[in-house]
Amino acid sequence: MKNIKKAFTLLEVLISITLFSIIVIFLFQSLDISQKSNNFYSDKLELKQNDNSLKKMFFLDFIHNDSNVTSSFDSDNNSIITFDSSNTYHNPFYNYITYFVSKESNLIRIESKEKFENNKLSDMFFDTCYIDIVAKDIIKFKLDKKKKSIYIKQKEKEDILFSIN
């Protein structure tokens, strides 16, 4: 009569546990690598979407531009851009759009009822306007009228060049 084996030996159990552990370690490593890759690309996608939304806002503002664009410069040599546009987000009667860089390095968009004049601002002006922060950490914001383009340089982000043609 043959002796039939009814159970695993301790050595066989230990080898199978070791092999299973090695497989699980490799699976966790590949999962971790794919998770880091997904986070990296989702961050890049978010940056691109933010850049595109800013470009879309510029595009809509300038395509609905009803007058000439006027620009001046602040103390940091950043542009202050003002124009009349029918592209409004807050109030259809507030047609004047102004872009400038604040002291906190934020790119500000103002929709106002009256034209923005940096030297002649009154408290009443701020009662009739909407102020939005459209980008942060701005190093340089410049309008080049000859090339009809806007240049934006931000900290730790790609530069944005928007053509107004």
Side-chain angles (χ1 to χ4, degrees), residues 1-65 69 71 73-83 85-92 94 97-111 126 129-165:
M1 211 173 191
K2 292 185 177 180
N3 192 4
I4 299 177
K5 188 175 175 183
K6 294 182 180 180
F8 293 108
T9 64
L10 182 59
L11 185 61
E12 290 171 333
V13 171
L14 288 175
I15 289 174
S16 64
I17 289 173
T18 303
L19 289 174
F20 180 73
S21 299
I22 291 171
I23 291 171
V24 167
I25 287 171
F26 284 119
L27 285 175
F28 276 124
Q29 285 178 343
S30 66
L31 180 67
D32 186 49
I33 289 170
S34 65
Q35 190 174 21
K36 286 179 182 177
S37 175
N38 286 343
N39 289 340
F40 174 77
Y41 285 112
S42 67
D43 290 346
K44 287 285 187 186
L45 177 65
E46 185 178 339
L47 287 174
K48 287 295 181 188
Q49 287 174 336
N50 289 342
D51 289 349
N52 287 340
S53 66
L54 185 60
K55 287 178 183 179
K56 180 181 175 184
M57 185 184 330
F58 282 138
F59 175 75
L60 291 173
D61 281 348
F62 284 102
I63 200 141
H64 294 108
N65 182 2
V69 176
S71 69
F73 295 99
D74 63 7
S75 59
D76 295 329
N77 206 22
N78 287 313
S79 293
I80 300 173
I81 305 170
T82 304
F83 54 93
S85 176
S86 59
N87 180 48
T88 58
Y89 294 110
H90 302 287
N91 188 331
Y94 289 17
I97 307 294
T98 304
Y99 287 98
F100 68 92
V101 177
S102 69
K103 291 179 183 177
E104 296 83 19
S105 300
N106 296 325
L107 180 60
I108 306 292
R109 180 184 185 272
I110 297 179
E111 276 183 31
F126 293 104
C129 72
Y130 293 94
I131 302 172
D132 297 308
I133 298 174
V134 294
K136 295 185 177 193
D137 298 325
I138 303 296
I139 297 172
K140 192 56 126 178
F141 177 68
K142 197 124 183 155
L143 171 70
D144 188 348
K145 282 191 173 183
K146 292 178 186 174
K147 296 180 182 177
K148 294 186 178 182
S149 62
I150 295 175
Y151 171 71
I152 301 173
K153 182 174 181 70
Q154 290 179 277
K155 288 181 186 172
E156 300 176 9
K157 291 186 180 180
E158 291 182 20
D159 296 353
I160 298 173
L161 184 62
F162 177 78
S163 179
I164 304 173
N165 294 336

Item checked: Lys/Arg-Asp/Glu bridge criterion (N-O < 4.0 Å) met for K44, E158 -> no
Checklist line | Any side-chain heavy-atom pair of F73 and S79 under 4.5 Å | finding: yes
Note to self: To check you understand the geometry: which heavy-atom pair defines the closest contact between E111 and Y89, and what is its length?
What the structure shows: OE2-N, 2.6 Å
Note to self: Side chains of I108 and I133, heavy atoms from C-beta outward: is any pair under 4.5 Å?
What the structure shows: yes
Check: Do we see a donor-acceptor contact under 3.5 Å between the side chains of Y99 and D61?
Finding: yes
Next item on the list: Name all residues meeting the ring pair (Phe, Tyr, Trp, His ring centres under 6.0 Å) criterion together with Y94; count only those two or more places apart in sequence or in a different chain, and write none if there are none.
Entry: Y130
Notebook entry, point to check: Any donor and acceptor pair, going by atom type alone, linking the side chain of S85 with main-chain N or O of I97 inside 3.5 Å?
Noted result: no
Next item on the list: First locate atom OG of S163, then atom NZ of K55, and finally report the distance between them rounded to the nearest 0.5 Å.
Entry: 11.0 Å
Notebook entry, point to check: Around K140, counting heavy atoms of other residues, nucleotides and ligands shown, do more than 12 lie under 6.0 Å from its NZ?
Noted result: yes
Next item on the list: Check step by step if side chain to side chain contact (heavy atoms under 4.5 Å, CB included) holds for V69 and I81.
Entry: CA-CA 7 Å; V69 176; I81 305 170; 3.4 Å; yes
Item checked: Nearest atoms (heavy-atom pairs only) where F58 meets F141 -> CZ-CE1, 4.1 Å
Next item on the list: With rounding to the nearest 0.5 Å, note down the distance linking CG in D32 to CG in L27.
Entry: 12.5 Å
Next item on the list: Mind running side chain to side chain contact (heavy atoms under 4.5 Å, CB included) on I160 and Q154 for me, showing each step along the way?
Entry: CA-CA 8 Å; I160 298 173; Q154 290 179 277; 4.0 Å; yes
Note to self: So, taking the atom named CG in L47 and the one named CG in N52, what distance separates them when rounded to the nearest 0.5 Å?
What the structure shows: 11.0 Å
Checklist line | Spacing of NZ belonging to K155 relative to NZ belonging to K136, to within rounding of 0.5 Å | finding: 12.5 Å
Notebook entry, point to check: Among I152, N106, I138, which one satisfies side chain to side chain contact (heavy atoms under 4.5 Å, CB included) with V101?
Noted result: I138
Next item on the list: Output yes when a side-chain donor or acceptor of D74 lies under 3.5 Å from a complementary backbone atom of D76, and no otherwise.
Entry: yes
Next item on the list: Measure the OG-CD distance between S42 and Q49 for me, rounded to the nearest 0.5 Å.
Entry: 10.0 Å
Checklist line | Criterion side chain to side chain contact (heavy atoms under 4.5 Å, CB included) on D137 and K157, from CA distance to verdict | finding: CA-CA 9 Å; D137 298 325; K157 291 186 180 180; over 6 Å; no
Item checked: Closest contact, heavy atoms only, L143 versus S71 -> CD2-CB, 3.6 Å
Next item on the list: Output, in order, the C-alpha distance, side-chain angles, deciding distance and verdict of side chain to side chain contact (heavy atoms under 4.5 Å, CB included) for F162 and L54.
Entry: CA-CA 10 Å; F162 177 78; L54 185 60; over 6 Å; no
Next item on the list: Enter the distance from L45:CG to N38:CG here, rounded to the nearest 0.5 Å.
Entry: 11.5 Å
Item checked: Donor-acceptor contact present, side-chain S37 to main-chain I33, <3.5 Å -> no
Notebook entry, point to check: Can you name the residues that form a side-chain hydrogen bond (donor to acceptor under 3.5 Å, both in side chains) with E46, not counting sequence neighbours?
Noted result: none
Margin query: Could you check whether any side-chain heavy atom of N78 comes within less than 4.5 Å of a side-chain heavy atom of F100, counting everything from C-beta outward?
Written below: no
